[in-house]
Amino acid sequence: MWSHLQYSTPGWLSLSPNPTQLYRWTQGLHIVSGTAAIPLLLVKLWSVFPRLFIRPPRGGRALIVEGLERVSIAALMGATFFMLASGTLNIIGWYPWEFSFRRTHEAVAWVAIGSLLVHIGVKLPVIRQALGAPIEHPDHADDPAAPTRRTVMRGAFLASGLAVVLTAGQTVPWLRHLSAFSVRPGDGPQDLPVNRTAAGAGADKTAVDPAWRLEITAGDRTVSLTRDELLAMPQSTHRLPIACVEGWSRNATWTGVPVRDLLALVGADARSDVVVRSLQTKGAFGSSRVVGNVVDDGRTLLALELNGGTLDIDHGYPARLIAPNRPGVFQTKWINRIEVDA
Ligand SMILES: Nc1nc2c(c(=O)[nH]1)N[C@H]1C(S)=C(S)[C@@H](COP(=O)(O)O)O[C@H]1N2
Ligand SMILES: [Mo]
């Protein structure tokens with residue numbers, strides 16, 4: 001839910017650039033816990049599956065209670081399946097649907113949370129009874145060939161742990177080489193994965209055009225700078241992560257000009273909200289808004305270099321935004337305009 005809040009922050013709320021790694025952490029936890037939940041859900045379903053075929057009770061009241069319970073379970077199952085399936089497809093970067101993934105994933109999460117609370121409420125007496133009973137209860141031993149509860153639990157946690165180890169490397173550096181299943185273990189130019197390439201954004205020609213200029217505007221004031229002029233300004237270097245909504249994240253070393261220094265050139269206040277625009281001609285996320293308290297942070301850079309070399313074109317050459325505690329999707333690449341809000 002925090003990841004969603006950072007992705008789509010209401011206008012009246014101004015989130016802090018600190019802690020620097022917060023979005024990376026919530027996003028990583030989100031992906032890891034979702035992955036871990038898949039085997040747990042499957043085992044849970046397997047264990048309750050036979051109950052689906054139990055004859056409904058006779059008698060009006062009992063039938064209504066049973067019916068309501070089944071409806072709430074249907075909502076819980078539907079929501080949970082949707083969450084894990086759509087989340088997995090999002091990590092893979094495959095969107096075989098028309099609706100907005102992010103907004104739907106968030107809305108259905110509330111359905112899942114609500115129906116889970118109802119389900120736990122309804123089952124509380126059963127849960128209490130089961131937790132109080134010895135784990136190898138004789139009632140469960142009527143089929144000697146069936147696995148014991150302990151075996152099933154161990155299997156489930158093992159499968160879940162394995163799923164985490166095999167995917168978490170796209171977020172956790174020391175797991176990188178273990179993560180056979182992670183979709184983007186992170187091989188890209190300059191030791192950083194690429195989300196959308198310059199060609200994919202329709203910016204590959206304009207990005208290398210010698211006529212490129214960075215335009216900074218505030219009201220009727222405009223300043224235009226070449227890349228060499230930007231390089232001649234005082235540079236700052238900071239280690240900041242890219243944390244992608246699609247489930248991978250990575251720290252990198254960025255060098256460039258603090259955005260607030262660029263605002264000073266047009267006489268704008270360092271705490272102004274700004275919109276950064278790019279050369280992008282195809283697809284979404286070609287521009288983004290940076291709120292004043294992020295602009296004011298000296299680590300919010302118009303980056304010109306990455307990991308000690310000139311920014312690769314697929315990482316946003318000639319210039320890209322990088323700011324602390326910011327969803328990757330808003331770290332806009334191929335910037336050519338910075339507009340200060342009036
Ligand atoms: N102009 C533009 N900038 C963009 C994007 C984009 O599609 N267009 N994708 C964003 C996304 S989703 C991520 S995760 C980061 C990834 O940066 P990288 O490709 O340099 O690792 O760039 C962001 N910047
Ligand atoms: Mo992203």
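One-based numbering, in listed order, for ligands and for the atoms of each.
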**Asked** Can you tell me which residue and heavy atom of the protein come closest to atom 21 (O) of ligand 1, and the distance to 0.1 Å?
**Response** Pro193 O, 2.6 Å

**Request:** Pull out every atom of ligand 1 sitting under 4.0 Å from any heavy atom of Trp334, numbered as shown with elements.
**Result:** 1 (N), 2 (C), 8 (N)

**Request:** Do me a favour and list the nearest non-hydrogen protein atom to atom 24 (N) of ligand 1 with residue, atom name and distance?
**Result:** Gln331 O, 3.0 Å

**Asked** Does ligand 1 have any atom sitting under 4.0 Å from a heavy atom of Arg250?
**Response** no

**Request:** Go through the side-chain N and O atoms of Arg239 and Thr253 and say whether any donor and acceptor fall under 3.5 Å apart.
**Result:** yes

**Message:** Show, in sequence, the C-alpha distance, side-chain angles and deciding distance for Arg260 and Asp297, and conclude whether the salt bridge (Lys or Arg N to Asp or Glu O under 4.0 Å) test is met.
**Reply:** CA-CA 8 Å; Arg260 63 184 184 192; Asp297 189 305; over 6 Å; no

**Message:** Is there a polar contact between ligand 1 and Phe285, counting only N or O atoms under 3.5 Å apart?
**Reply:** yes

**Message:** Same cluster or not: Trp12 versus Val290, using hydrophobic residues (I, L, V, M, F, W, Y) connected whenever any side-chain heavy atoms lie under 4.5 Å apart?
**Reply:** no

**Prompt:** Near Cys244, which atoms of ligand 1 are under 4.0 Å from a heavy atom of that residue?
**Reply:** 14 (S)

**CZ/Arg70: more than 12 non-hydrogen atoms of other groups inside 6.0 Å** = yes

**Message:** Parallel, tilted or perpendicular, judged at 30° and 60°: which one describes the rings of Tyr95 and Trp97?
**Reply:** perpendicular

**Request:** Indicate whether any N or O donor in one side chain lies under 3.5 Å from an N or O acceptor in the other, for Asn325 and Arg299.
**Result:** no

**Prompt:** Tell me: protein heavy atom nearest atom 3 (N) of ligand 1, and distance?
**Reply:** Lys333 N, 2.9 Å

**Request:** Work out whether the distance between some heavy atom of Ala284 and some atom of ligand 1 is less than 4.0 Å.
**Result:** yes

**Request:** Return yes if some donor-acceptor pair links the side-chain N/O of Glu305 with the main-chain N/O of Thr237 below 3.5 Å, else return no.
**Result:** no

**Prompt:** Thr332 heavy atoms, cut-off 4.0 Å: which ligand 1 atoms fall inside?
**Reply:** 1 (N), 3 (N), 24 (N)

**Prompt:** Tell me, which protein residue and heavy-atom name are nearest atom 9 (N) of ligand 1, and how many Å apart are they?
**Reply:** Asn195 OD1, 3.9 Å

**Request:** Could you tell me which atoms of ligand 1, counted from 1 in the order shown, lie closer than 4.0 angstrom to a heavy atom of Ser278?
**Result:** 1 (N)

Without placing hydrogens or testing angles, list every side-chain donor-acceptor pair under 3.5 Å for residues 277-285, not counting sequence neighbours.
unit_1, atom_1, unit_2, atom_2, d
Arg277, NE, Glu339, OE1, 3.2
Arg277, NE, Glu339, OE2, 2.9
Arg277, NH2, Glu339, OE1, 3.3
Ser278, OG, Gln280, N, 3.2
Ser278, OG, Gly286, O, 2.6
Gln280, NE2, Lys282, O, 2.8
Gln280, NE2, Gly283, O, 3.2
Gln280, NE2, Ala284, O, 2.8
Thr281, OG1, Gly202, O, 2.9

**Message:** Check for me whether Trp248 has a heavy atom closer than 4.0 Å to any atom of ligand 1.
**Reply:** yes

**Item:** atom 17 (O) of ligand 1 [closest protein heavy-atom partner, distance rounded to 0.1 Å]
**Value:** Arg320 NH2, 3.1 Å

**Request:** Among all protein heavy atoms, pick out the one at the shortest distance from atom 20 (O) of ligand 1; state its residue, atom name and that distance to 0.1 Å.
**Result:** His315 ND1, 2.6 Å

**Asked** Hey, are His4 and Arg102 close enough side-chain-wise for a donor-acceptor pair under 3.5 Å?
**Response** yes

**Item:** Closest protein heavy atom (residue, atom, distance) for atom 13 (C) of ligand 1
**Value:** Gly328 O, 3.3 Å

Distance-only donor-acceptor pairs under 3.5 Å for side chains of residues 111-121, two or more places apart:
unit_1, atom_1, unit_2, atom_2, d
Ser115, OG, Val111, O, 2.8
Ser115, OG, Ala112, O, 3.3

**Complete:** Here the atoms of ligand 1 under 4.0 Å from any heavy atom belonging to Arg196 are 6 (C), 7 (O)

**Identity and distance of the protein heavy atom lying nearest atom 2 (C) of ligand 1** = Gln280 OE1, 3.1 Å

**Prompt:** Do the ring centers of Tyr23 and Tyr7 come within less than 6.0 Å of each other?
**Reply:** no

